[in-house]
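Every number for a ligand or one of its atoms is a count from 1 in the order of the listing. Keep in mind that this is a model prediction, so the values were computed, not measured.
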Amino acid sequence: MKAAVLREYKSPLVIVDKPIPEPAWGEVLVKVMASGLCVSDLHIQDGIISTVRLPFTPGHEMAGVIAKTGEGVANVKVGDHVTASVDLICHKCRYCRDGRTNLCTELVRIGFETDGSHEEYCVIPEENAFKVADHIPFEQVAGLPDAVGCMYHALKTQAKVNAGQVVLILGTGGLGMNAIQLVKVLGAKAYATSRQKDKLETSLQMGADAVINTKEQTLRSEVARLTGGAMCDVVIDNIGIKTSVEEALNLVCPGGKVIVTGYNDPTFEANFQNIMKLEKEIIGTRAVTRTELAEVVNLAEEKKIVPYVYKTIPFEDINEGLGMLRNNSAKGRVVLMMGEV
Ligand SMILES: [Zn+2]
Ligand SMILES: [Zn+2]
């Protein structure tokens, strides 16, 4: 089978031949049909994710078909369409017991600490395979565990978004377009920002109640105008630069929440009193729990959300795809397509 391998940091991935792996007891072999490219893949390529060991195949947004099952597998069968939860967990630590599987102390992630889905076949534990209805295109399925799942965890669990609230999404790319749809599912108002006109247009198509062009408009006064001075209940910071959290704190109301999802600069600055006196919260968010991923699959099957795909490209063009993320010409998820069923 073909696999995209990172041999050296800061260099292109190389497509190599590898043997197709065999599923052991309790494992399944997935024929990968689509694999999403994520900014984390760039962080991996740049060598800033310290747990990665080379040579390595990234890819944590898997969509495929069960090609073979190991012994003891009972809940999926050959031919099932699946996506994969990326977390290999211990089931024993306090976080696993609490259902917070994304924080497992023994966590190993497919596509980070172990080879991922930018290859034609992957072996995963049966428990990581989430069945998905056949009617959802593979490129959309690929978005469920990360591009949609992360935002679902951020909005529902971390921000606890309620109906009637106002949520501002700072930076609408691969994650933001899904966040807009999820905010609407949760019954809240969605505002989205971008410096690019076409992204703002897509945001409106995704259901945004208002969009702000941060190249032409002053963000804070525009949010004040839209909310009648009340400001937002929640800001999702997909930008993650030194100044974005501080700015987000100025965009939320007293008691409001800033959810940190982007991580591009190593640190941010924030005003103590703005947080303390007004009980504003800065909240982290990591990936998605398995319970939440099951909910996300349901939302997609019921067509309450349609995972946003900007472009599909052939697997062989992986480096061009990563380049589109790097130079910001991708307006949403770029998904590798591995072939026909
Ligand atoms: Zn990702
Ligand atoms: Zn655990």
(message) Determine whether a donor-acceptor pair (N or O, by modelled atom type, separation under 3.5 Å) exists between the side chain of Asp233 and the backbone of Cys253.
(response) no
(message) Can you tell me how far apart CG (Leu29) and CE (Met1) are? Round to the nearest 0.5 Å.
(response) 8.5 Å
(request) Please determine if the Zn ion (ligand 2) has an N/O/S atom from His91 lying under 2.8 Å away. (result) no
(request) Could you tell me the angle subtended at the Zn ion (ligand 2) by SG of Cys90 and SG of Cys96, rounded to 10°? (result) 120°
(request) Please determine which of Asp317, Thr312, Ile318 meets the side-chain contact (heavy atoms from CB on, under 4.5 Å) test together with Pro314. (result) Asp317
(request) Go through Val258 and Lys280 one step at a time and tell me if the side chain to side chain contact (heavy atoms under 4.5 Å, CB included) criterion holds. (result) CA-CA 8 Å; Val258 175; Lys280 294 179 179 178; over 6 Å; no
(message) Within this structure, what is the CG-CZ distance for the pair Asp46 and Arg326, rounded to the nearest 0.5 Å?
(response) 4.0 Å
(request) To the nearest 0.5 angstrom, please state how far the CZ atom of Phe130 sits from the CD1 atom of Ile124. (result) 9.5 Å
(request) For Asp237 and Leu170, indicate whether the former's side chain and the latter's backbone hold a donor-acceptor pair under 3.5 Å. (result) no
(request) Check the Zn ion (ligand 1) and write out every protein N, O or S atom at under 2.8 Å, as residue and atom. (result) Cys38 SG, His60 NE2, Asp146 OD2
